[in-house]
K.L.:
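Below is the structure I would like to discuss, written out as structure tokens.
Reckoned from all heavy atoms, side chains included, excluding hydrogens, waters and symmetry mates. Chain letters run A, B, ... following the sequence lines, proteins first and then strands; every chain starts at 1.
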Amino acid sequence: MYNISEVAFYGLSTLAIFSALMVVFSRNPVHSVLYLVVCFFAISGHFLLLNAQFLFVVNIIVYAGAIMVLFLFTIMMLNLNRESEPHKNIILKLAAVVSGCLLLLVLVAALKGAETTTAMPIDAIKDPNIGLVKNLGKELFTRFVLPFEISSILFIAAMVGTVMLGKKKLT
Amino acid sequence: MSTIFFLGYKTILVTMVWGISLLIAMYATLMERKLAGFLQDRLGPDRAGPFGIFQPLMDGGKLFFKEEIIPNDSNKFLFILGPSLAMFTACMTSAVIPWGPDLNLFGHTIPLQIADINIGVLFVFGVVSLGVYGVMIGGWASNNKYSLLGAVRASSQMISYELAMGLSLIAVLMMSQSLSVKEIVQQQHGINWNVFYQPLGFLIFIICAFAETNRAPFDLPECEAELVGGYHTEYSSMKLGFYLFAEYINMFVSSAFMAAVFFGGYNFPFMDKIANGNLLAILGVAVFFAKIFFFIFVFMWVRWTLPRFRYDQLMKLGWQILIPLSVINILLTGGAIMLKNL
């Protein structure tokens, strides 16, 4: 007899992997984006299983609600189809396959044994309520305040870059 | 509390909330037309039953029996998914709204809220941000340029106003120190309502709520002079009905949310004088619904009073006025909290 969180875990994982594969295999780019949204939902569900409610809802708001909407926007406006797609030659495709496999190799090698050695402080992981808003906020603004602020600088840089690119040339 | 009892009353509560949302949305259409009639010095619908009371039933029946047209060049699956998603997201938000104080029945305490999750406010935002998909998918799947333009307008408007909406709520959250809607409502006991501390935040929030529900004066997505019919140009029969209906449900739910977060929810002055818990609960629900109806009335009043914005004015209002104002509001609130704690 499985318990309910185990069933949910396998269900969500299957859904996540299936939708991730469909992102790659669908012919229609709009379908790909919608499968990616489903994939994000499945991953958010995993956050919920880990008792990280804040991450769950923020993942949905930011990824499914904001970023993917902009993706959908772009793809709908460009209206991509087979004719307008740039044709790539065979060498380029081969290079893409090889580099993809290499990336997979590096990821597997890096994640091998990751469950035993972690970079995170152990006591932060031990607390099962770390995913709740209050605890997460306290950790972010005390112990991890420097990385947190640095990542916000990254966002500002991206925003300034967007404004620079989007601005009309005066003259 | 036994599991069966828990599941039983939750099922009843969910069904009731769902049914009441649909019923209110249905009669909001009649209320809207009656009000429009009043504001324009005419009668409004009065043929079906006394005072036109059966008009929503007639309209619903008409929509169900109309011919269903799915354009040949459309993407069939997504074409049907669009209105379904619009209805789905519209009905989901009501899960975290506390409808009244706890009831005591048969020796059990029954909270009148479907789910008291400790991230209630963020849940509402999550669902609101998903509401864009119904419109976008429907508009794109119709394979019609007017639909697509309407969908793009609607979604860019919704995304833009979500930001100011979130920022205006942050000031409230700073005061309440909680993301649970129930706790926010409980803190506004009596007449200690948030609107007295956050008048600017409330003003920004209600403007954004108009924009999020695509209601006038921000109903550009269905600007018929420029866009034929907006994102639902190609829809007919009940699929069109679902889009229109989702707007009314959204209006009801956002009225409920505003009443809960800014106007004290089920709290009313001198509520401590009532000793009987169940009487208090029933009165609380009645007061809450009175507040909701007031906001629905405001939605309609504004619609039939103000003309539509131009698109660039809409974007300018959202990005250059409301967002800076809400940031100033956050700074002011932070300053006030700091002064209080000195």
Side-chain angles (χ1 to χ4, degrees), chain A residues 4 22 26-38 40-41 43-45 47-48 50-81 129-138 141 155 159 162-163 166, chain B residues 74-75 77-79 81-82 85 89 92 96 115-145 147-160 162-163 165-166 173-174 176-180 183 231 319:
Chain A
I4 192 152
M22 287 309 283
S26 337
R27 288 282 161 129
N28 191 332
V30 173
H31 288 181
S32 291
V33 173
L34 294 177
Y35 275 117
L36 196 53
V37 175
V38 176
F40 282 136
F41 266 94
I43 291 169
S44 307
F47 282 126
L48 206 56
L50 293 169
N51 201 18
Q53 300 168 0
F54 181 68
L55 288 180
F56 156 74
V57 79
V58 166
N59 197 37
I60 284 183
I61 293 175
V62 173
Y63 282 95
I67 294 180
M68 292 324 290
V69 170
L70 296 180
F71 254 83
L72 205 57
F73 233 85
T74 323
I75 286 172
M76 281 178 183
M77 291 305 273
L78 291 178
N79 210 1
L80 290 174
N81 48 36
N129 288 329
I130 189 68
L132 303 183
V133 193
K134 223 165 216 164
N135 308 333
L136 195 70
K138 264 186 195 141
F141 281 102
F155 281 121
M159 275 162 73
T162 321
V163 172
Chain B
S74 67
N75 188 323
F77 177 70
L78 292 183
F79 190 78
L81 187 69
L85 269 182
T89 50
M92 240 164 73
V96 293
D116 179 25
I117 48 179
N118 61 11
I119 44 160
V121 177
L122 289 177
F123 173 82
V124 172
F125 272 102
V127 176
V128 165
S129 66
L130 295 179
V132 185
Y133 281 109
V135 171
M136 273 188 99
I137 290 173
W140 180 81
S142 312
N143 200 7
N144 172 331
K145 59 186 166 209
S147 301
L148 183 64
L149 282 175
V152 167
R153 268 193 177 188
S155 36
S156 50
Q157 169 182 336
M158 283 157 105
I159 296 170
S160 309
E162 245 166 53
L163 286 174
M165 199 175 195
L173 298 180
M174 280 163 75
S176 69
Q177 308 262 314
S178 169
L179 283 170
S180 151
E183 243 170 78
Y231 56 87
W319 288 96

K.L.:
If you take all heavy atoms of Lys134(A) and Gln177(B), which pair is closest and at what distance?
P.N.:
NZ-O, 4.1 Å
K.L.:
Counting only non-hydrogen atoms closer than 4.5 Å, does Ile159(B) touch chain A with its backbone (N, CA, C, O), its side chain (CB onward), both, or neither?
P.N.:
side chain
K.L.:
Looking at chain A, which one of Val152(B), Ile117(B), Leu81(B), Val127(B) has the largest number of heavy-atom pairs inside 4.5 Å, strictly under?
P.N.:
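Counting heavy-atom pairs under 4.5 Å, the top option is Val152(B).
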K.L.:
Are more than 12 heavy atoms, taken from residues, nucleotides or ligands other than Tyr35(A), located less than 6.0 Å from that residue's OH atom?
P.N.:
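Atom OH in Tyr35(A) is not crowded, with 12 or fewer foreign heavy atoms closer than 6.0 Å.
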K.L.:
Looking only at heavy atoms and a cut-off of under 4.5 Å, which of Asn118(B), Leu179(B), Val128(B) has the most pairs with chain A?
P.N.:
Asn118(B)
K.L.:
Using non-hydrogen atoms only, which part of Ser156(B) is less than 4.5 Å away from chain A: side chain, backbone, both, or neither?
P.N.:
both
K.L.:
For the atom pair CG (Leu34(A)) and CH2 (Trp140(B)), what is the distance rounded to the nearest 0.5 Å?
P.N.:
8.0 Å
K.L.:
Between Tyr133(B) and Val37(A) (side chain of the first, backbone of the second, donor and acceptor by atom type, cut-off under 3.5 Å), is there such a pair?
P.N.:
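Looks like no, no N/O pair under 3.5 Å.
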K.L.:
Side chain, backbone, both or neither: which part of Phe77(B) has a heavy atom under 4.5 Å from chain A?
P.N.:
neither
K.L.:
Tell me, side chain or backbone of Val132(B) under 4.5 Å from chain A's heavy atoms, or both, or neither?
P.N.:
side chain
K.L.:
Using 0.5 Å steps for rounding, measure from the CE atom of Met68(A) to the OG atom of Ser129(B).
P.N.:
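Rounded to the nearest 0.5 Å, the CE-OG separation comes out at 13.0 Å.
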K.L.:
For Leu122(B) and Phe56(A), run side chain to side chain contact (heavy atoms under 4.5 Å, CB included): C-alpha distance rounded to whole Å, both residues' side-chain angles, the deciding distance at 0.1 Å, then the answer.
P.N.:
CA-CA 10 Å; Leu122(B) 289 177; Phe56(A) 156 74; over 6 Å; no
K.L.:
Considering only heavy atoms, which portion of Val30(A) lies under 4.5 Å from any heavy atom of chain B: side chain, backbone, both, or neither?
P.N.:
side chain
K.L.:
Is chain A contacted by the side chain of Leu78(B), its backbone, both, or neither, given a heavy-atom distance below 4.5 Å?
P.N.:
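Contact with chain A: side chain only.
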K.L.:
Flag yes if more than 12 heavy atoms outside Tyr63(A) fall under 6.0 Å of its OH atom; otherwise flag no.
P.N.:
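No, not enclosed.
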K.L.:
Say you draw a straight line from CD1 of Ile119(B) to CG of Leu48(A); how long is it, rounded to the nearest 0.5 Å?
P.N.:
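Nearest 0.5 Å value for the CD1-CG distance: 7.5 Å.
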